Structures are given as C-alpha cells and as structure tokens.
Amino acid sequence: MLRRLLQEELAAAWRAAGLDGDGAWIEVTRSERPEFGDFTSNVALAGAKRVGESPRALAEQLAPLVSEAHVERVEIAGPGFLNLFLRPGAVHRALREMLDAGDRFARSTEAVGTRLQLEYVSSNPTGPLTVGHGRQGVLGDVLASLYEALGFDVEREYYYNDAGRQVDLLAESLWARYRQVLGEEASIPDEGYQGEYLISMAESIAEELGDRFPEFDDEARRTMGAAAVERMTESIRGDLDRLGLRYDHWFSETTLHASGEVDAALASLTECGGTYEKDGAVWLAAEERGGDRDAVLIRSDGRPTYLMVDIAYHLNKHRRGFDRVIDVQGADHHAEQNAMRIALAYLGIPEGFLDYALHQFVSLKSSGEALRMSTRKGRFVTLGSLLDELGRDIVRYFMVARKPSNHLEFDLDLARSESLDNPATYIQYAHTRIASILRNAPADALPEASTPLDVLAEAEELELIKDLDGLPDVIHEAATSFSPHLIAEYALNVSRRFHAYYTEHRVLGDDAALTAARLALVLMVQRAIRCCLDLLGMSAPETM
RNA sequence: GCGCCCGUAGCUCAGUGGAUCAGAGCGUCGCACUCCGGAUGCGAAGGUCGGAGGUUCGAAUCCUCUCGGGCGUACCA
C-alpha cells in the first residue's frame with residue numbers, strides 16, 4: 001500500500017534527521033488536489049511541537065531526507081505540509097501487487113485469532129420486522145463482514161425471547177382479534193399489540209379452530225401464544241433470509257432463566273457490592289459508579305427486569321470466550337447502555353469487551369410523506385413490503401449508505417428508479433460494464449502476471465490505481481468506526497472514476513501492450529467494486 | 001428539567017482527532033456519441049456549513065450560550 005509505504009519512508013527520514021522517536025505517529029493522506037501532489041504529510045506541523053522547531057524549518061530539514069525510491073519530489077507548502085509527488089513506477093508497482101494478491105487483496109490479517117461476536121436485530125417474535133430492523137440488520141451484517149475482512153473470527157448472533165409477559169400480551173391481543181373475527185366485541189389490552197397483522201392471523205385461526213376458545217383461559221393463552229410465536233418467527237426468518245442476513249447462532253432468553261444464569265448473575269453482582277434493596281426491589285447501584293440513576297434489577301414481585309436478564313446474557317457472552325462483542329442497537333436503547341457498562345464493571349469484565357454500535361431511526365419518504373414506526377401501535381411499513389418492492393440489493397444499499405448516527409430518510413422515489421440515477425444500480429453497472437469488456441477482449445489480449453504496466457501513463461489511470469490502493473484503509477476505518485457507509489461511498493467514487501475513464505479512453509485497441517495493461521487495470525477495478533458489493537451484501541452482476 | 005444524536009447547495013447527505021474543506025448524488029440548465037453496454041461522460045448555476053460569542057496564526061470541525069428537530073429519562077422490552 002502506497003500510503004503505508006510513504007509513512008515508513010517519512011518515519012525513516014525522521015530518524016535520519018536524528019530526531020527523537022521512531023516516527024510511527026506520522027500521518028500520510030491522499031492529497032485533495034493534484035497540485036498538492038499524490039500524498040501529503042503533516043509531519044512537520046505535528047512534529048514541530050515535539051522537537052521545538054518551527055514547522056517550516058522542520059520541513060526544510062526533512063524534505064531532502066525522503067528516499068527517492070518512490071518519491072520523485074517533495075514540495076513544502078503552506079505552513080509546512082510536505083507534498084509528495086510519486087514516481088509513476090511506484091504507482092505501477094502498487095497495481096502489480098494488488099493484481100498478484102488476487103481476490104484477497106483488500107483483506108487483512110491484523111486480527112486473526114480474535115473472537116468477535118456481533119448481535120443485531122434481535123427482535124422478539126411479537127410482530128413483523130420493520131424498516132428500522134432492516135437498517136439494523138444490514139448495519140450489523142456489513143460490520144460483521146468488515147471485521148471478517150480484518151481477520152476477526154466473527155460470530156453473528158440473534159437474541160430473542162419467545163416466552164413471558166410480552167408473549168402473553170401477544171396471545172391476548174391475538175385472542176381479542178380472534179373473537180372479533182367471530183363477530184364479538186373484544187378489545188385488545190392497553191399494552192397489547194394493535195397491529196393489523198394479527199387480524200389475518202386471527203382469521204386463519206378462527207377458520208381452523210372455530211369457536212373453541214370463548215374465554216381467554218390458560219389453554220387459550222397457550223394456544224394463541226404458540227400460534228402467534230410460530231407464525232411471527234416464520235415471518236421474521238423469511239424476511240431475514242430475503243435480506244441476506246444469516247446468523248451463526250440463535251440465542252433464546254428462556255435458556256438464561258432455565259439454566260439459573262439470571263440468579264447467578266444477580267448473586268455475583270451482589271457479591272461485588274453492586275446491588276442493594278429498597279422498596280422491596282433489588283437495585284443496581286449505578287450512581288456509585290458514575291451512572292445517572294440507579295436501576296431496578298428485581299421487581300418487588302420478584303421478577304427480574306429486562307436489564308437484569310441482559311446482564312446475565314452479557315455474562316454468558318463473556319463466558320463463551322469472545323474477546324469482544326458488539327451490540328448493534330437503535331438510539332432508543334441508549335439509556336440502558338450506561339447501566340450495562342456499570343454492571344459489567346462491577347463484575348470485573350474489561351471495559352473494551354462490550355461496544356455498542358448505535359444507529360438512528362428510519363423514515364420513509366415518498367413524494368414528501370414520512371411515516372414514523374411503532375410496533376406496539378401497529379404503525380409501520382414492514383421490511384417485507386419494502387423487500388417485495390425493491391429487492392435485496394437496493395434495500396441494502398440505501399440502508400447502509402448513510403452514516404448510522406444520522407436519521408435515515410429512505411428516498412423511495414430514488415430507490416425505485418431503475419436508471420443510473422440510483423447509486424446502487426450505478427455501482428453495479430460499473431461492474432457489469434467491465435465484465436462486458438472482458439468478454440469482448442480477445443483471449444490473447446488478456447493480461448498475464450508479467451504484463452508490463454508502465455504504459456499506463458494517463459492521469460486518470462494513475463488516479464484510479466491510487467484509489468484502488470486505498471481500499472484496505474477504507475475497510476479498516478469503516479469497521480473500527482462503525483461506519484459502513486464509507487464502503488458505499490468508496491464504491492460510488494471508484495465507479496464514477498471508472499465511468500469517466502471509460503468514456504475518455506478505449507480499453508480494447510490495436511496496441512496490444514496498452515490493451516493488456518488497461519485490461520489489467522479494469523480487472524482490478526472490477527475486483528475492488530466486487531469486494532465492496534460483497535461487503536455490502538449486494539450482488540455483483542455480469543450482465544444487467 | 002436533565003442526558004444522547006442531528007441541523008452543510010432547492011432535496012437527500014458526505015466531510016466534523018484544526019491548516020490543502022465549501023464537497024457528492026438527485027433536481028435544474030447547457031454540451032458531447034461512425035468505436036469496448038449512451039443505463040455513460042463533460043460543464044454551469046446554486047450554500048455568510050442553524051444563529052451569536054470565544055480560543056487560535058488558522059474553525060463546518062474545539063469551547064460557551066442560543067434556536068430548531070429526533071430519541072431517551074419505567075419495578076416496558
């Protein structure tokens with residue numbers, strides 16, 4: 001990678017100047033404009049304070065010490081930036097290395113052996129998945145792929161609860177719908193599920209069972225609950241599958257209760273001094289550790305709260321031997337995170353064990369109208385209906401193209417567009433177009449390992465190569481800052497640069513040497529785009 | 001009231017560990033094809049980066065205040 005290469009050379013220059021330290025802190029970035037060279041370093045600006053010299057003087061001192069192996073010349077600009085102009089040969093060598101690395105050119109081995117678990121969606125089987133779950137699912141899945149690209153051993157987990165109070169409420173709501181279908185007056189409980197999805201379910205149950213449950217007794221509760229959970233689980237799994245989300249592990253909350261892990265977690269917490277009793281309930285002493293307020297762990301009626309069970313769940317994750325876990329959650333869960341961190345701190349689990357990747361909500365825009373989502377109130381657009389209309393690729397792209405911390409306004413008009421106005425289509429088209437070039441290329445024109453690349457002299461070609469060369473950095477940044485949108489943006493940029501290059505320069509021509517080199521270049525462009533599409537979970541079509 | 005997120009071009013958004021940061025897409029207007037997939041490309045117009053102070057040689061970026069929007073602030077999950 002060119003950036004790392006230059007970083008090392010600047011560090012070498014730093015040492016050659018007899019300055020303190022190894023220069024590992026030096027930053028090198030792609031230049032914004034051609035007149036600022038290919039890469040720029042802030043070494044003199046950031047280093048000035050370290051050695052007590054003026055940035056300008058330090059720059060003058062370092063510039064001549066930069067090796068000429070890759071750098072043609074160094075210019076000092078502005079307050080003391082070092083602008084590095086590469087020799088074309090260095091760029092060609094970078095392309096050669098990428099070609100030689102094959103399909104794994106953008107992957108890293110930096111984290112091999114580290115076990116990471118990601119948990120996302122984790123919706124209970126009490127209603128259909130919404131577009132909000134869709135965003136979380138894509139976010140989680142793409143993060144998982146990104147971490148895999150860094151070499152992590154990643155496990156994707158879905159946590160759910162198919163028993164307890166919420167399911168009872170679901171059962172009662174379904175029973176009320178069922179009585180309504182049979183022509184009776186029946187009302188859904190106040191905290192129940194108002195969604196219309198229970199109506200069609202009630203219809204088929206009424207047809208199947210007739211008037212067998214006039215009262216909401218124990219048997220009705222069990223039957224209704226089981227029927228609702230079964231159908232909802234089926235619906236959820238179907239949507240996840242269609243969105244391309246595959247899990248390694250499904251974790252049922254019930255097992256935590258059955259195994260005694262909830263009780264055990266409470267006991268450990270108490271042993272560590274993290275709990276106290278008040279008003280007949282057991283509380284987490286959060287304020288003592290800097291939390292906003294203490295939180296109930298065991299209600300006065302003896303039932304554990306969601307938080308208590310979640311603590312047991314995270315203890316379970318830790319026991320399973322993961323080095324790190326990342327929970328992907330919506331912004332509405334923010335408050336709970338502090339309590340969880342404090343609980344884990346009490347239990348002596350290292351701070352770096354748990355990370356939260358937070359995301360804001362999704363609204364849909366179609367000719368100006370926006371819908372808010374709420375499962376309980378039954379107001380939402382389902383993920384399923386969105387998939388029906390747009391398909392996996394488009395849904396995934398739009399879900400992940402925005403920074404997670406921002407609200408996502410899903411532009412249905414743009415998503416529906418089948419033309420290249422649609423960025424998802426535009427990127428895929430670049431891939432397809434290259435596939436077409438490769439199909440048209442005569443067999444003897446195809447590049448080989450020894451194909452000379454130095455005939456690639458156009459500015460657009462060198463820029464393209466530098467872009468390709470930067471992909472590993474983009475992947476690293478996207479993973480570690482929980483920012484998969486950087487991949488979408490990168491893919492769009494490379495596609496744009498390719499389309500412009502294609503219009504300006506012919507790949508297949510009379511000059512055999514030039515044709516072979518250009519084929520090597522576009523092959524690499526295609527590989528980079530395919531890598532991004534793979535990471536995003538989108539297809540990379542050969543034809544469209 | 002308090003906590004978190006967000007306010008950047010008509011619209012949707014990148015950029016927010018300082019300097020070389022005023023950017024992209026869509027929309028609008030104009031231009032370019034005897035040729036590898038025109039489902040492409042090039043260009044133009046368009047913004048006092050919500051507002052006001054402050055720190056600095058330098059702020060969309062850091063600090064304070066303020067306005068606007070979202071989400072929390074349950075013995076719900």
Side-chain angles (χ1 to χ4, degrees), chain A residues 27 29-33 35-37 40 42 45-46 55 77-81 83 122-124 126 161 164-166 169 191 253 278-283 291-293 295-310 330-338 358-361 363 365 368 372 375-376 398 401-411 413-414 417-423 425-426 428-430 432-441 445 481 483 485-486 488-489 492-493 495-496 498-509 515 518-519 522 543-544:
Chain A
E27 286 176 17
T29 55
R30 277 288 290 283
S31 300
E32 298 286 334
R33 303 181 201 172
E35 57 264 41
F36 300 144
T40 295
N42 66 347
L45 290 159
F81 287 103
N83 289 337
S122 293
S123 173
N124 289 335
T126 52
N161 184 14
R165 178 176 147 76
Q166 291 306 314
L169 275 170
E191 296 191 321
E253 181 187 319
K278 191 182 80 178
D279 302 333
V282 180
W283 297 70
D292 290 337
R293 51 170 314 201
V296 173
L297 295 171
I298 305 293
R299 301 178 178 88
S300 49
D301 65 5
R303 291 157 49 227
T305 59
Y306 172 83
L307 174 63
M308 182 63 244
V309 182
D310 213 27
D332 54 337
H333 281 70
H334 182 262
E336 165 208 338
Q337 296 173 8
N338 283 329
L358 218 64
H359 67 91
Q360 295 290 334
F361 295 145
S363 58
K365 188 183 75 168
R372 292 299 327 289
T375 306
R376 298 260 182 95
F398 277 77
R402 297 286 176 242
K403 189 167 55 177
S405 62
N406 256 357
H407 290 264
L408 168 62
E409 190 154 54
F410 197 109
D411 186 341
D413 298 324
L414 184 59
S417 165
E418 290 179 9
S419 72
L420 296 198
D421 299 345
N422 190 326
T425 312
Y426 181 89
Q428 289 177 317
Y429 180 57
T432 299
R433 212 175 198 185
I434 294 169
S436 174
I437 296 171
L438 295 174
R439 277 194 302 273
N440 288 331
S481 66
S483 301
H485 69 284
L486 296 176
E489 197 167 79
L492 192 60
N493 278 329
S495 300
R496 191 180 301 130
F498 164 72
H499 284 308
Y501 170 66
Y502 175 93
T503 304
E504 188 70 23
H505 303 286
R506 251 192 96 77
V507 174
L508 304 177
T515 296
R518 286 185 169 172
L519 279 169
V522 298
T543 60
M544 291 169 71

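Reminder, nothing fancy here: chain letters follow the sequence lines and each chain counts from 1. What you see is a predicted model, and the numbers here were worked out from it, not measured in a lab.
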Side-chain donor/acceptor contact of [X] with base of [N] under 3.5 Å:
| X | N | value |
| --- | --- | --- |
| A:Ser436 | B:rG37 | yes |
| A:Ser300 | B:rC75 | yes |
| A:Arg402 | B:rC13 | no |

For A:Ser417 and A:Asn422, the nearest pair of non-hydrogen atoms, with its separation, is O-ND2, 3.0 Å
To check you understand the geometry: which heavy-atom pair defines the closest contact between A:Leu519 and A:Ala445, and what is its length? CD1-O, 3.4 Å
Main chain of A:Leu414, side chain of A:Asp411: is a donor-acceptor contact present, judged purely on distance under 3.5 Å? yes
For the pair A:Ser436 (side chain) and A:Ile434 (backbone), establish whether a donor and an acceptor sit closer than 3.5 Å, ignoring hydrogens and angles. no
Under a 4.5 Å cut-off applied to non-hydrogen side-chain atoms, are A:Arg439 and A:Thr543 in contact? yes
To the nearest 0.5 angstrom, please state how far the CG atom of A:Leu297 sits from the CE atom of A:Met308. 5.5 Å
Between [N] ([atom2]) and [X] ([atom1]): distance, integer Å:
| X | N | atom1 | atom2 | result |
| --- | --- | --- | --- | --- |
| A:Leu486 | B:rA14 | CG | C1' | 9 Å |
| A:Phe361 | B:rC4 | CZ | P | 17 Å |
| A:Leu492 | B:rU40 | CG | C1' | 14 Å |
| A:Phe410 | B:rG25 | CZ | P | 20 Å |
| A:His505 | B:rU40 | NE2 | C1' | 15 Å |
| A:Met308 | B:rA74 | CE | C1' | 18 Å |
| A:Leu408 | B:rC13 | CG | C1' | 10 Å |
| A:Tyr501 | B:rC42 | OH | P | 15 Å |

Work out how far the [atom1] atom of [N] is from that of [M], and round it to whole angstrom.
| N | M | atom1 | value |
| --- | --- | --- | --- |
| B:rG10 | B:rU28 | C1' | 9 Å |
| B:rU48 | B:rA52 | P | 12 Å |
| B:rC36 | B:rU40 | C1' | 12 Å |
| B:rG17 | B:rC5 | P | 13 Å |
| B:rC13 | B:rC57 | C1' | 33 Å |
| B:rG72 | B:rA77 | C1' | 14 Å |
| B:rU8 | B:rA44 | P | 24 Å |
| B:rU73 | B:rG41 | P | 47 Å |

Let's test this: given Watson-Crick or G-U wobble pairing with both distances under 3.5 Å, identify the partner of [N].
| N | value |
| --- | --- |
| B:rG43 | B:rC29 |
| B:rC35 | none |
| B:rU12 | B:rA24 |
| B:rU64 | B:rA52 |
| B:rU73 | B:rG1 |

Do A:Asn83 and A:Thr40 have side-chain N/O donor and acceptor atoms under 3.5 Å apart? yes
Taking atom types as modelled and ignoring hydrogens, do the side chains of A:Arg433 and A:His499 form a donor-acceptor contact shorter than 3.5 angstrom? yes
Under 4.0 Å from OP1 or OP2 of [N]: is there any side-chain N or O of [X] that close?
| X | N | result |
| --- | --- | --- |
| A:Asn161 | B:rA77 | no |
| A:Asn338 | B:rG72 | no |
| A:Lys403 | B:rG15 | yes |
| A:Tyr502 | B:rC33 | no |
| A:Arg496 | B:rG25 | yes |
| A:Arg439 | B:rG37 | no |

Residue [X], side-chain heavy atoms: nucleotide from [options] that is nearest:
| X | options | result |
| --- | --- | --- |
| A:His485 | B:rC75, B:rA77, B:rA14 | B:rA14 |
| A:Ile437 | B:rA19, B:rC75, B:rC36 | B:rC36 |
| A:His499 | B:rC75, B:rA19, B:rU40 | B:rU40 |
| A:Tyr429 | B:rA14, B:rA39, B:rC36 | B:rA39 |
| A:Arg433 | B:rA77, B:rA14, B:rU40 | B:rU40 |
| A:Ala77 | B:rG27, B:rU20, B:rG41 | B:rU20 |
| A:Ala500 | B:rA77, B:rC13, B:rG41 | B:rG41 |
| A:Ala335 | B:rU12, B:rA77, B:rU73 | B:rU73 |
| A:Arg506 | B:rC13, B:rC35, B:rC75 | B:rC35 |
| A:Glu336 | B:rG37, B:rG69, B:rA77 | B:rA77 |

Can A:Arg165 and A:Glu191 be counted as an ion pair, charged N to O under 4.0 angstrom? yes
Using a heavy-atom cut-off of under 4.0 Å over every strand shown, decide if A:Asn493 touches base, sugar-phosphate, or nothing. nothing
Taking for each residue the nucleotide of RNA chain B bearing the nearest heavy atom, is the 5' side occupied by A:Glu489 or by A:Leu414? A:Glu489
